[in-house]
Amino acid sequence: MDSPTSAGDSSTARIVARSSMMESIRACGLSGLAGVRIDKEDLRRRLLMPEYLRLAMLDSIRKKEVDGGDQHFRLHGSDDVPCPESPMVVFINPRSGGRYGPVLKERLQQLISEEQVFDLHDVKPHEFVRYGLACLEKWANNGDLCAKETRQNIRVVVAGGDGTVGWVLGCLGELHQKGREPVPPVSVIPLGTGNDLSRSFGWGGSFPFAWKSAIKRTLHRATTGPIFRLDRCSWHVVLQMPGGEVVDPPHSLKATEECSLDQTLEIDGDVPDKVNYYEGVFYNYFSIGMDAQVAYGFHHLRNEKPYLAQGPITNKIIYSGYSCTQGWFLTPCMSDPSLRGLKNILRMHVRRVNCSEWEQIPIPKSVRAIVALNLHNYGSGRNPWGNLKPEYLERRGFVEAHADDGLLEIFGLKQGWHASFVMVELISAKHIAQAASIRLELRGGEWEDAFMQMDGEPWKQPMNKEYSTFVEIKRVPFQSLMISGE
């Protein structure tokens, strides 16, 4: 039987492996060290906002009032105050990056200012949007030229993993929805385990060894890098569940009362009297099944025992070991046969590109995890979909995958051994479909919970034996902006 991957597979696999290795080396700061020296004071002048603006924004955020910082404008004003060329704020997740989180935060505060570096434990991205930026907008409308120029030019750096990046991007997307342009562009300091979003946008795959000099280079690139829109890379998720609520949902998933499922696909069966809705946005991938269960367990293990999280490499070792304890590798020995595959609880419909009709797609019997992938970086820079031969694409009714094609590549992972071979790029994943929209229907049966994740942020989804839970995914033109790190 012909392999679905493209011609020259063995050489391609070697090239991919070599490129992945070189990317890892570059990401660790061992490449590109020789370059233009970045002057610390010059960098600070370009990033530092005037003191009265910094304090006004911070007070507005702390008081959760747009008017919370007005006294700083009345006291200081903006006469003859120089405006920074590239005003910048940083969101840092101190739990990411192992032991480097706190020292990185201190370093960033030294390079910019304490008021422009936000610890996500203290300041949430939506608070910055609703109060900090709103404070600048208010005084820009009142004639403060420096506030106006700062609001126009402000950029955001996110120091964290994929979930943190997606969280900030989603909150900034609120500006576009409410007509509060421009939306600040975002750059990334990769502090997570996988850092697939960071890789996709050219910011590397891991926290560099030579981090002190790397931080200056990152801030410099964040001020000069080209900006591109993510209007073809944003995917909206609506979750409808019978009563109850999601316990400890990720930041990217919010309860709402204003959502509904696509009415062109009728629900088969009864609908409970009480229905709860959640919505969110992802940029890279959504998954359900064993991979999300492993991610969920790893996140909780790391939160309970933070001393284990000493950095990306340590995290990956612990992650791999933890996955072996969850039954993915020993399914026949550890699980009831009726619970092995997603086929037992899941029904999937997709809508293909330029098509208004929904089509039911059978779930392969052996699949224990299903992933809908957009940017072709999954599991620390891997591409499980693979580079497929033209004849295989034609036979399956697929098209060549591109990040901006408005399609999600849907693939499955079987047992842990299959997933392991996929992750080292020896084989491709189980190809299921390409879709412009997806609807998943889950019914509990003997399952009490299912596990899901968006861009590396997992949650446990309660199941119901009598009524279905629905997840619907559609592309939406959220005008989020990214700064290219390449």
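Basis for what follows: all heavy atoms, side chains included, without hydrogens, waters or symmetry-related copies.
- Checking side-chain atoms of Arg443 against main-chain N and O of Met463 turns up no donor-acceptor pair under 3.5 Å.
- Across every non-hydrogen atom of Trp358 and Ser437, the tightest pair is CH2-CB, 3.7 Å.
- When all heavy atoms of Leu191 and Asn93 are compared, the pair lying nearest together is CD1-O, 4.3 Å.
- Side chain of Arg151 to main chain of Pro182: a donor-acceptor pair is present (N/O by atom type, distance under 3.5 Å, no hydrogens or angles).
- Legend: residues meeting ring pair (Phe, Tyr, Trp, His ring centres under 6.0 Å) with Tyr277, ordered by chain and number and at least two apart, are absent.
- Partner His251 forms a ring-ring contact (aromatic ring centres under 6.0 Å, His included) with one of Trp167, Phe282, Phe91 and no other, that one being Trp167.
- Put simply, the residue from Asn284, Asn387, Asn383, Asp196 that forms a side-chain contact (heavy atoms from CB on, under 4.5 Å) with His376 is Asn383.
- Atom CD of Gln360 sits about 9.5 Å away from atom CG of Leu265, to the nearest 0.5 Å.
- By the 4.5 Å heavy-atom criterion applied to side chains, Tyr278 and Thr256 are not counted as neighbours.
- Checked options Leu440, Ile438, Ile288; the residue passing with Val471 is Leu440 (criterion: side-chain contact (heavy atoms from CB on, under 4.5 Å)).
- Between the side chains of Tyr378 and Asp291, at least one donor N or O lies within less than 3.5 Å of an accepting N or O.
- Contact of the Tyr296 side chain with the Gln453 side chain is not registered, since no non-hydrogen atoms from C-beta on lie closer than 4.5 Å.
- The shortest heavy-atom contact between Asp162 and Ser198 is OD1-N, 4.0 Å.
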